[in-house]
Protein chains: 2
Amino acid sequence: MNVHEPEHAPERRLVTLSDVARAAGVGESTVSRVLRNQGSFSKRTQDRVAEAVARLGYVPNRLAGMLAGSGTTAGAKLVGIIIPSLTNIVFPDLLRGANAALDRDGFQSVIGVSDYDPEREEALIGALLSWRPAGLIVTGLEHTAGAVARLRASGIRIVEMIDTDGAGLDIVVGFSNRSVGRDSARHLLGRGYRRIGYVGHDIGRDLRAAKRLAGFCETLSEAGHPLAEREIAPGPSSAAAGRAALERLLARRPDLDAVYFSNDDMALGGYFHCLAQRIAVPGRLALFGFNALDIAAAMPQPLTTIRTPRLEIGAVAAERLGADGPPEVIDLGYELIPGATA
Amino acid sequence: MNVHEPEHAPERRLVTLSDVARAAGVGESTVSRVLRNQGSFSKRTQDRVAEAVARLGYVPNRLAGMLAGSGTTAGAKLVGIIIPSLTNIVFPDLLRGANAALDRDGFQSVIGVSDYDPEREEALIGALLSWRPAGLIVTGLEHTAGAVARLRASGIRIVEMIDTDGAGLDIVVGFSNRSVGRDSARHLLGRGYRRIGYVGHDIGRDLRAAKRLAGFCETLSEAGHPLAEREIAPGPSSAAAGRAALERLLARRPDLDAVYFSNDDMALGGYFHCLAQRIAVPGRLALFGFNALDIAAAMPQPLTTIRTPRLEIGAVAAERLGADGPPEVIDLGYELIPGATA
DNA sequence: AATCAGATTGGCAGCGCTGCCAACGCCTGT
DNA sequence: ACAGGCGTTGGCAGCGCTGCCAATCTGATT
């Protein structure tokens, strides 16, 4: 059976609120009140409206509702979320956390994916603002000047998530990536590693990874054991990229005793390289990741990595969007997972 | 600086189209035409409008636009997408594919996540329909009766993606999961494996995995080597779940010579178990996955698995949403990747 | 100079719903 | 019996934008 309406069909008008009102024998505003369970009405009215809604198969038109309700407090039950990527499981995790909190408060979300492109982010901000959301959740602190101007002009709550290293516009929820890098370096140094390399992915785009690396290098240098070598894979992070990049890195510097990866995906690839080349981990080479993916814990040797509160960041971001109050920075921290690879 | 508007502020009204019209010294409909680049207008008018828009920082109100434009052809440039989960990378991939195609055609998407819960899917369908989208993309062919009724009543294009094993409502884009199961079994049988087990995740919810298993079992039985044993991990698929489940499975049936996993995540966990227990793969135990994740190819021994056209499914689903035409089933097929584990 | 097709433009009625307010009952209290 | 209070209810003006149509302007044609 075809659900699609053929072109020549008599353009069946959809059921509207006023149809329901007529069918139930009550006024439009009464139906509206019953449907939103707001204001007062009798049980009898409620039943009649419910019956009419069910019988006619009425579906409220949220566009009209939001338009009419705009300007008022209860207006927009909608938020926009912009993330840089869907390929990295980190961002779906943030979405899950945010969605859970949003659902609870009866909010809908509209999502945009920027592909790590600041220009595209700016365009998305415009697109999402045109939905007149109650608030916007964006990723990171770095935006184009145009994007910042739009965000400022919107007058709505803005939450920047994941990163706390820098100045935020309004609410900032996340952790310090720089500090993650420093702690990672400290851990490796503490375990006696001295000839340390780095394997990362396209760092010009993933600014958070760049900040981790910066913090990592700082601490290494301060300790007198500066980063020995680095290998940056072009494109997004992946196990395949990590494996290939580690191979190239070791070809140039076979003497390394530890490698810091931009994240667990890359580290897992590195681990696979070690398995394939029979490089003892961590005896011959230590591996350190970032993100504490589920997969990292399932490895024969659990990966040494850093757990980030992804779901929580999403949840807190969503919660704050609804609240009012002054701008603030909420640092949710992170946790170093010792593992067995470093 | 605070972007958030304090409560007591004089409720700055946002710039509207009529503000722009006044500022540019033209009529409202002229501004509307220029902004949508539709109809005809002079270069001079266009410049004046553009200037006014920039000066006032005008952001069109899509709610109003869609409401006004509803009923007409060009009305809704919006589609709804419902996926069961964000944890499994498969679904973000579908989204990416769909988003790419949607962007190209100037569509926006609203996304809902059902958590593999049919009731929740029904609720989401209602929520998304209330946006009056031009079409809806849903996952799988199984829906509650209520959901089917709503979809039918909506009168819009419906695309059901991923699965072609069953009757669709309108457009169906995907591949046969049952057939995937059969081909997987055929491959294992062809390589001489005879004592074959299965490791899966919560199959009551992931209906596609159940179909693959059904096809798999059929072929095994037809060949006279029925499935020897199965182990179902509760909850969603993950490497950790796969690893633990394989361990339990082998505890009961140490004599198995091959295991079919519900997907690559689970298979990767199984592989880790084998590494940790020094079980030779595929000599002592063969492993077979599903989905051809990037990670499967990066393993020391590439995983034997099945590549599914995820991006393409998303893209085709999005494309078809815009086109009219009769209902149809589009089978995009899949490809068996031999790998080195089976 | 009058005419006419085509390009440009503005006015205005909705799209479907919500907020506001006046209008009802109906039940106390005096 | 009447005023007052409260729970209910309906009417109606928008929300900001688009579609439609008539008005105006342009230049070329007869």
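First the proteins, then the strands, lettered A, B, ... as listed; each starts at 1.
Minimum heavy-atom separation, Arg208(A) to Pro84(A): NH2-CG, 3.8 Å. Closest heavy-atom contact between Asp170(A) and Arg157(A): OD1-NH1, 2.7 Å. The shortest heavy-atom contact between Pro133(A) and Gly80(A) is CB-N, 3.9 Å.
For the pair Gln38(B) and dT18(D), the criterion of a side-chain N or O lying under 4.0 Å from OP1 or OP2 is not met. Not one side-chain nitrogen or oxygen of Ser32(B) sits closer than 4.0 Å to the OP1 or OP2 atom of dC17(D).
Checked options Leu321(B), Ile313(B), Val329(B); the residue passing with Val173(B) is Ile313(B) (criterion: side-chain contact (heavy atoms from CB on, under 4.5 Å)).
Between the C1' atom of dC17(C) and the CG atom of Leu67(B) lies a distance of 8 Å, rounded to the nearest Å. Across the protein-nucleic acid pair, Asn61(A) atom CG and dC17(C) atom C1' stand 8 Å apart, rounded to whole Å. The nearest whole Å value for the distance from the CZ atom in Arg36(B) to the C1' atom in dC17(D) is 8 Å. Residue Leu63(B) contributes atom CG, which lies 10 Å from atom C1' of dC15(D) at whole-angstrom precision. A straight line from CZ of Arg48(A) to C1' of dT8(D) spans 13 Å, rounded to a whole angstrom. Separating the CG atom of Leu35(B) from the P atom of dG16(D) is a distance of 16 Å, rounded to the nearest angstrom. We find that CE of Met66(A) is positioned 16 Å from C1' of dC17(D), with the value rounded to whole Å. Here the P atom of nucleotide dT18(D) and the NZ atom of Lys77(B) are 14 Å apart, to the nearest Å.
Formation of a donor-acceptor pair under 3.5 Å by the Arg150(B) side chain with backbone atoms of Ala123(B) is not found in this model. Panel note: side chain Asp19(A), backbone Thr16(A); a donor-acceptor pair is recorded below 3.5 Å.
Looking at heavy atoms from C-beta onward, Phe107(B) lies out of side-chain contact with Leu78(B) at the 4.5 angstrom threshold. Inter-residue side-chain proximity for Met66(A) and Ser70(A) is flagged as unmet; no heavy-atom pair is nearer than 4.5 Å.
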**Asked** Which parts of nucleotides 6-12 of chain C does protein reach within less than 4.0 Å, heavy atoms only, written one letter per nucleotide 5' to 3' as B for base, S for sugar-phosphate only and - for none?
**Response** -SBBBB-
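If one axis is set at each end of the helix from dA1(C)-dT30(D) to dT30(C)-dA1(D) from five pairs, those axes are 50° apart, to 10°.
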**Message:** With side chain to side chain contact (heavy atoms under 4.5 Å, CB included) as the criterion, how do Ile83(A) and Met161(A) come out once you've worked through the C-alpha distance, each side chain's angles and the decisive distance to 0.1 Å?
**Reply:** CA-CA 10 Å; Ile83(A) 54 178; Met161(A) 61 181 176; 4.0 Å; yes
